[in-house]
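Count residues from 1 along the sequence.
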Amino acid sequence: MKKQRIVLASVLKPVDDTRMFEKIGKSLTRVPEYEIFIIGYPSQKPPDHTEITFIPHQNFHRLSLRRLLIPLLTLKKLYKVKPDALIVNTHELLIVAVAIRILFGTRIIYDVQENYWRNILWTDTFPPIIRHLFAFWVRSKEILLAGFFHLFILAEKGFEKEMKIFKN
């Protein structure tokens, strides 16, 4: 029997991220029918776990043009893996996840770890004018694409009321 391929994917979280690798990835390896892949930011010391395939991005700076290419490069990696299920944990991969669902019929899951809209609005990472436009773009993607996702995993209970993008 062919194993089901499950990919956990992120842009800024390293491949050895506590939630993505330690909690979700390792737990899924306990099911012998699953083949686990983790796509993410390169780790300083990649974990030694033979049951998980790690696919790190190339290094990039947090605010850089290269970062804008990461979703497309992730799409290319996902096209090669052809996952049966895809768990993304960042707004930057929402469009990629929907594309993979359309291409392969992949089950897609959004692991909501942050309220990105609120974080963008209330931190000084971006200048104020760009901050509001970017926050609007992020929330728009979440609202418009929410219906394509099979499941949402919420890191915090309050996200359900705070974000108002979830149907059930």
Side-chain angles (χ1 to χ4, degrees), residues 7-25 37-47 54-79 81 83 85-103 106-168:
V7 175
L8 293 93
S10 184
V11 171
L12 288 177
K13 304 281 184 190
V15 292
D16 62 350
D17 172 67
T18 300
R19 183 175 173 94
M20 194 164 57
F21 168 59
E22 296 283 339
K23 294 180 180 177
I24 299 174
F37 298 80
I38 296 179
I39 299 173
Y41 195 81
S43 175
Q44 299 237 342
K45 184 179 181 260
F54 297 97
I55 308 171
H57 303 302
Q58 292 180 345
N59 278 322
F60 60 90
H61 295 287
R62 186 176 181 90
L63 297 175
S64 68
L65 290 176
R66 179 175 281 243
R67 180 175 175 184
L68 295 175
L69 295 176
I70 294 299
L72 290 175
L73 297 172
T74 302
L75 180 62
K76 184 178 175 184
K77 292 171 185 178
L78 291 166
Y79 187 81
V81 174
L86 170 61
I87 302 170
V88 297
N89 62 24
T90 179
H91 66 88
E92 293 165 298
L93 296 177
L94 295 178
I95 295 171
V96 169
V98 171
I100 289 298
R101 177 181 179 174
I102 292 167
L103 288 171
T106 301
R107 293 189 58 79
I108 57 175
I109 300 162
Y110 186 14
D111 179 15
V112 183
Q113 296 184 15
E114 300 177 40
N115 183 338
Y116 291 105
W117 173 79
R118 181 169 279 166
N119 291 355
I120 292 164
L121 279 180
W122 300 109
T123 60
D124 293 331
T125 306
F126 302 100
I129 293 172
I130 295 172
R131 190 180 317 158
H132 289 278
L133 289 171
F134 191 52
F136 175 77
W137 166 243
V138 168
R139 183 49 46 99
S140 297
K141 281 191 300 185
E142 289 178 331
I143 291 168
L144 293 171
L145 300 176
F148 288 95
F149 282 79
H150 293 92
L151 183 67
F152 297 94
I153 301 171
L154 307 180
E156 294 183 27
K157 212 174 197 177
F159 286 166
E160 189 174 359
K161 290 180 184 173
E162 220 176 85
M163 296 175 74
K164 298 179 183 165
I165 64 169
F166 314 107
K167 291 182 181 172
N168 293 313

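Checked against side-chain hydrogen bond (donor to acceptor under 3.5 Å, both in side chains), Gln44 has no partners two or more places apart in sequence or in another chain. The salt bridge (Lys or Arg N to Asp or Glu O under 4.0 Å) check on Asp111 picks up Arg19, with sequence neighbours excluded. Take Pro47 and apply the side-chain contact (heavy atoms from CB on, under 4.5 Å) test, not counting sequence neighbours, and it matches Val15, Asp16, Phe21, Phe54. By the ring pair (Phe, Tyr, Trp, His ring centres under 6.0 Å) test, Phe148 is found to be paired with no residue, residues two or more places apart in sequence or in another chain being considered. Residues passing the salt bridge (Lys or Arg N to Asp or Glu O under 4.0 Å) test with Arg131 are Asp124, sequence neighbours excluded.
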Please report, to 0.1 Å, the donor-acceptor pairs under 3.5 Å made by any side chain of residues 85-95, with sequence neighbours excluded.
residue: Asn89; atom: OD1; partner: Ser10; partner atom: OG; Å: 2.9
residue: Thr90; atom: OG1; partner: Glu92; partner atom: N; Å: 3.4
residue: Thr90; atom: OG1; partner: Glu92; partner atom: OE1; Å: 3.3
residue: His91; atom: ND1; partner: Lys141; partner atom: NZ; Å: 3.3
residue: Glu92; atom: OE1; partner: Arg67; partner atom: NH2; Å: 3.2
residue: Glu92; atom: OE2; partner: Arg67; partner atom: NE; Å: 2.9
residue: Glu92; atom: OE2; partner: Arg67; partner atom: NH2; Å: 3.1

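Residues Tyr110 and Glu142 form a side-chain contact, since some pair of their non-hydrogen atoms from C-beta on lies under 4.5 Å apart. Inter-residue side-chain proximity for Val98 and Phe149 is flagged as met; some heavy-atom pair is nearer than 4.5 Å. Using a 4.5 Å heavy-atom cutoff, the side chains of Ile55 and Val81 are in contact.
Note: Trp122 CH2 to Trp117 CH2 = 8.0 Å, rounded to the nearest 0.5 Å. Between Tyr41 atom OH and Ile70 atom CD1 the span is 9.0 Å, to the nearest 0.5 Å. Going from atom CZ of Phe37 over to atom CG of Leu8 covers 11.5 Å, rounded to the nearest 0.5 Å. The structure places CD of Gln113 at 8.0 Å from CE of Met20, a figure rounded to the nearest 0.5 Å. If you take CD1 on Ile120 and NE2 on His132, they are separated by 11.5 Å, rounding to the nearest 0.5 Å. For the atom pair CZ (Arg118) and CG (Leu121), the distance works out to 9.0 Å, reported to the nearest 0.5 Å.
His150 places a side-chain N or O within donor-acceptor distance of the main-chain N or O of Ile108, the cut-off being under 3.5 Å.
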Item to check | Verdict with supporting geometry, Asp17 and Lys23, side chain to side chain contact (heavy atoms under 4.5 Å, CB included) | outcome: CA-CA 9 Å; Asp17 172 67; Lys23 294 180 180 177; over 6 Å; no
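When all heavy atoms of Leu78 and Ile39 are compared, the pair lying nearest together is CD2-CD1, 3.9 Å. When every heavy atom of Ile100 is checked against every heavy atom of Pro83, the shortest pair comes out as CG2-CG, 4.1 Å. Taking all atoms of both residues into account, the shortest heavy-atom contact from Ala9 to Thr74 is CB-CG2, 4.5 Å. Across all their heavy atoms, Glu114 and Asn119 have their closest contact at OE1-ND2, 2.7 Å. Closest approach of Pro42 and Gln58 over heavy atoms only: CG-C, 4.2 Å.
Within a 6.0 Å radius of CG in Leu68, more than 12 heavy atoms belonging to other residues, nucleotides or ligands are found.
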